[in-house]
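Numbered from 1 within each chain, the chains take letters A, B, ... in sequence-line order. All values reported here derive from a predicted model rather than from experimental measurement.
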Amino acid sequence: MLTIPKLLNHCENIAGLTIAELAKKHKVDLNTNNKGIIGQLLELELQTEAKNKALPDFIDLGVELKTIPVNDDFKPLESTYVSMVSFNNMPRWSKSFVRLKLLKVLWIPILKKKNIHTSEICYPIFKELSLEDEYILSKDYEELCEIITFGDEPRAHLGKFMQVRPKALNSKIRSTSNNEIRHPLGFYLRSSYTKKIFNNFI
DNA sequence: CAATGATCATAC
DNA sequence: GTATGATCATTG
């Protein structure tokens, strides 16, 4: 049975590998424009369960896997996608998928080099949501949801740790929700939040 | 040079 | 088409 210590151990064992090395093991072609290729490679290696469900990657453990690019100072370079905004179902924070996914996150920093092949897998950071952070995230979430429920689209500058941004194949994509036609949106963690987590860890 | 809005690939 | 994995590229 998979446990969190086993999972962390697995991650520690592959820390230091380059993306090319891991890709070779799984016979994955890195010559693609697939922006999610590194995340999918780690899913293969760690054998995640959730696939494209709106659940944490390791369902039984309630652990969400996130790869995130970092620079030489271990500073996150990008925001982090959490989940889609579900217009038809806007639960309160306590019942939300966002909360469920963020309760336990296994962060795998990827030391980003000019070339994806030589980018390196770093030591994992396992982080459970602190009460302080949860309070702020819940406020962000409720504020953003209120705007969405009203029928508006929150601007990306709203939210201290979490924001709402477009999430689609392209800007022309629309999704239907009840009787409305809306621009698909996703919840994202700001890099200021992940920076804070990583700083506290070091 | 960080932030926002746009976009890429793939599974189902 | 909707979800997953995200990063890209233009702007301020």
Side chain of [X] only, please: which of [options] is the nearest?
X      : options             : result
A:E43  : B:dT4, C:dG5, C:dA6 : C:dG5
A:N170 : B:dA9, B:dT7, B:dT4 : B:dT7
A:R190 : C:dT4, B:dA6, B:dT4 : B:dT4
A:K101 : B:dA2, B:dC8, C:dG5 : C:dG5
A:A168 : B:dT7, B:dT4, B:dA9 : B:dT7
A:E78  : C:dT7, C:dG5, C:dA3 : C:dT7
A:R155 : B:dT4, C:dT7, C:dT4 : B:dT4

Point to revise | DNA chain B: 5'-proximal contact among A:N34 and A:L158 (nearest heavy atom) | key: A:L158
Base [N] to side chain [X], donor-acceptor N/O within 3.5 Å cut-off:
X      : N     : answer
A:Y81  : C:dA3 : no
A:K167 : B:dT7 : no
A:K35  : B:dT7 : yes

For [N], does either OP1 or OP2 sit under 4.0 Å from a side-chain N or O belonging to [X]?
X      : N     : value
A:Q163 : B:dT4 : yes
A:K172 : B:dT7 : no
A:S171 : B:dT7 : yes
A:T67  : C:dA6 : yes

Check your understanding: Are the ring centres of A:F187 and A:F97 closer than 6.0 Å?
Key ->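 No; A:F97 has its ring centre 6.0 Å or more from that of A:F187.
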Point to revise | A:Y188: ring pair (Phe, Tyr, Trp, His ring centres under 6.0 Å) partners, not counting sequence neighbours | key: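 A:Y188 satisfies ring pair (Phe, Tyr, Trp, His ring centres under 6.0 Å) with A:Y81 once adjacent residues are dropped.
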Check your understanding: In terms of heavy-atom contacts, does CZ of A:R155 have more than 12 from other residues, nucleotides or ligands at under 6.0 Å?
Key ->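 Counting neighbours around CZ of A:R155, 12 or fewer heavy atoms of other residues, nucleotides or ligands fall under 6.0 Å, so no.
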